[in-house]
Amino acid sequence: MKGIPDLAEVEAMDAADPLRAMRDRFVLPEGIIYLDGNSLGAASINVFSEIETAAKQEWARDLIRAWNTAGWFDMPVELGDRLGRLIGAAPGQSVVCDTTSINIYKVLHAALAMRPERSVIVAEGDSFPTDLYMAEGVASTRPGTVLRLEGVDAATIEELVDDRVAVILVNHVNYKSGRLRDMAALTRKAHEAGALIVWDLCHTAGALPVDLDGSNADFAIGCTYKYLNGGPGAPAFIYAANRHHGDIRQPLSGWWGHARPFAFEQGYAAGPGIRRFLCGTQPVLSMRALKGALDLWDEVEVTAVREKSIALTDLFIRLVEAKCSAFGLELESPRRGAERGSQVSFAHPHGYQVMRALIERGVIGDFRAPSTVRFGFTPLYVGYRDVWDAVDVLEDILRTGAWREARFAVKTTVT
Ligand SMILES: Cc1ncc(COP(=O)(O)O)c(C=O)c1O
């Protein structure tokens with residue numbers, strides 16, 4: 001076919017791939033092409049040994065002593081600092097804890113309290129829904145708080161920003177389309193209006209370089225179970241710029257965020273620095289899995305990941321458009337690599353069935369209602385040949401109409 005690489009060229013791309021060896025550090029089932037690392041990253045071998053050590057040696061043998069001897073208590077800040085390297089945060093500004101949803105709650109409250117004369121939260125109408133649900137929850141506890149949405153109250157975030165806005169909550173990479181925002185430019189715009197900004201980095205961390213400090217961002221939150229491969233339900237993170245630490249008050253004022261948690265005092269006194277975003281006891285085994293995942297990241301530069309991510313997603317778009325254009329697929333992601341994250345989405349009127357048929361044939365992506373088939377490309381374990389094979393399966397399913405079988409229309413709980 002004209003204009004697209006042939007199989008030999010695609011295999012040559014794998015042979016020249018500097019990240020190629022990383023694939024062997026993951027456990028991936030035989031016969032599966034995994035294009036859903038933007039939802040749940042794959043398991044790296046490191047993770048198993050970390051969990052086993054934490055459970056069999058530290059917990060079973062050292063019991064309660066392990067909080068001290070194995071350093072469990074300090075893991076949230078230690079892992080926060082290690083993760084910080086991947087998101088452009090100097091040490092002392094990131095902490096790993098709780099879930100993204102809970103962290104949004106804490107951070108939005110903190111930001112609103114820092115702008116007491118203002119009452120507006122700006123967010124995106126097409127945000128991942130939990131961000132909006134949490135913003136609604138925050139607003140419900142603070143009478144007079146108003147939520148303004150891009151795509152509902154105005155076409156762009158920029159048009160919604162004025163001197164009533166306390167905080168902007170925005171996704172760096174949109175979960176559905178993969179569209180990427182300019183962090184430095186929007187942060188500048190927020191600050192010019194006197195507002196604070198919170199960046200949701202769920203689809204950024206481990207997928208592309210980002211510079212929170214260099215962009216002068218105020219806050220960020222995100223998960224570690226997607227491109228960082230921390231494991232199902234892995235703890236999330238919060239970033240808060242150093243300059244704000246003294247001003248942060250957050251309402252989930254549990255003992256882990258206290259200045260002296262083991263003094264067992266009456267009355268809350270916020271702890272130092274980023275620790276004040278902690279609430280209660282953290283999931284140690286999940287933290288340890290994340291530690292194993294981050295150990296692998298010590299060997300990788302995010303810039304190399306980004307370079308391969310753009311090449312993988314470019315190849316996928318080109319192959320799909322060359323081989324599947326007759327079958328009703330419409331590109332939903334930006335065509336230019338520099339404008340999207342590490343995923344590609346297409347709309348198809350029967351997207352749900354098409355994705356179910358793909359999964360049955362071993363190509364795992366996911367579906368987002370009403371019509372998006374979504375494919376995530378994790379450069380650490382996805383190769384160019386995987387892209388080639390996945391498109392072949394997609395083409396076959398569409399050309400033969402295999403997706404029309406009735407069983408593919410039966411809805412599963414998680415899509
Ligand atoms: C942009 C974004 N925010 C938040 C979440 C999820 O938050 P939580 O970790 O609380 O389930 C997701 C999950 O896919 C997401 O894509």
Side-chain angles (χ1 to χ4, degrees), residues 35-42 76 79-80 83 87 94-109 121-138 149-151 157 167-181 183 186 197-208 210 212 217 219-239 250 252 277 279-280 282-283 286-287 289-290 293 332-333 340-345 364-369 372-378 413-415:
L35 303 182
D36 213 6
N38 54 326
S39 205
L40 174 65
L79 296 184
L83 193 148
I87 54 175
S94 310
V95 67
V96 166
C97 59
D98 304 324
T99 67
T100 308
S101 304
I102 292 171
N103 290 343
I104 290 170
Y105 189 82
K106 290 185 272 188
V107 158
L108 281 183
H109 264 291
I121 303 173
V122 167
E124 304 148 293
D126 68 351
S127 169
F128 186 82
T130 206
D131 299 44
L132 301 183
Y133 302 157
M134 296 313 292
E136 276 179 38
V138 169
L149 295 182
E150 182 188 51
I157 289 230
V167 56
I168 302 170
L169 171 63
V170 72
N171 288 269
H172 187 230
V173 177
N174 182 275
Y175 79 105
K176 215 167 169 186
S177 67
R179 177 176 39 89
L180 180 61
R181 285 196 191 263
M183 179 177 282
L186 189 55
I197 192 158
V198 179
W199 288 95
D200 184 329
L201 301 183
C202 280
H203 294 268
T204 304
L208 60 147
V210 65
L212 286 170
F219 298 102
I221 42 81
C223 67
T224 64
Y225 50 72
K226 298 181 192 294
Y227 295 99
L228 293 172
N229 311 306
F237 64 88
I238 301 184
Y239 159 93
Q250 62 92 3
L252 302 186
F277 270 119
C279 178
Q282 292 300 311
S286 288
M287 286 261 175
L290 177 59
E332 285 190 326
S333 300
R340 61 173 187 262
S342 202
Q343 69 176 69
V344 176
S345 303
I364 303 183
D366 61 24
F367 170 78
R368 291 291 173 263
T372 301
V373 284
R374 205 173 64 143
F375 302 90
F377 296 84
T378 301
T413 310
V414 176
T415 60

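Whatever order the structure lists ligands and atoms in, that order sets their numbers, starting from 1.
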For ligand 1, which atoms, with element, lie under 4.0 Å from some heavy atom of [X]?
| X | answer |
| --- | --- |
| Y225 | 6 (C), 7 (O), 8 (P), 9 (O), 11 (O), 13 (C) |
| T99 | 10 (O) |
| N171 | 1 (C) |
| D200 | 1 (C), 2 (C), 3 (N), 4 (C) |
| H203 | 1 (C), 15 (C), 16 (O) |
| K226 | 13 (C), 14 (O), 16 (O) |
| D131 | 3 (N), 4 (C) |

How far apart are the closest heavy atoms of [X] and [Y], and which atoms are they?
| X | Y | result |
| --- | --- | --- |
| R181 | V170 | NE-CG2, 3.2 Å |
| Y227 | F377 | CE2-O, 4.0 Å |
| N38 | L35 | OD1-O, 3.9 Å |

Take L169 and I197 through the test side chain to side chain contact (heavy atoms under 4.5 Å, CB included) and record every step on the way to the result. CA-CA 6 Å; L169 171 63; I197 192 158; over 6 Å; no
For atom 7 (O) of ligand 1, what's the nearest protein heavy atom and its distance? T100 CB, 3.5 Å
Quick one: nearest non-hydrogen protein atom to atom 15 (C) of ligand 1, plus distance? F128 CG, 3.4 Å
Does K176 pair with E124 as a salt bridge, N-O distance under 4.0 Å? no
Is there a donor-acceptor contact under 3.5 Å from the side chain of T224 to the main chain of P235? yes
For T372 and E332, test the side chains for any donor-to-acceptor distance below 3.5 angstrom and give the result as yes or no. yes
Proximity of S101 to ligand 1 by residue part, where a heavy atom lies under 4.0 Å: both
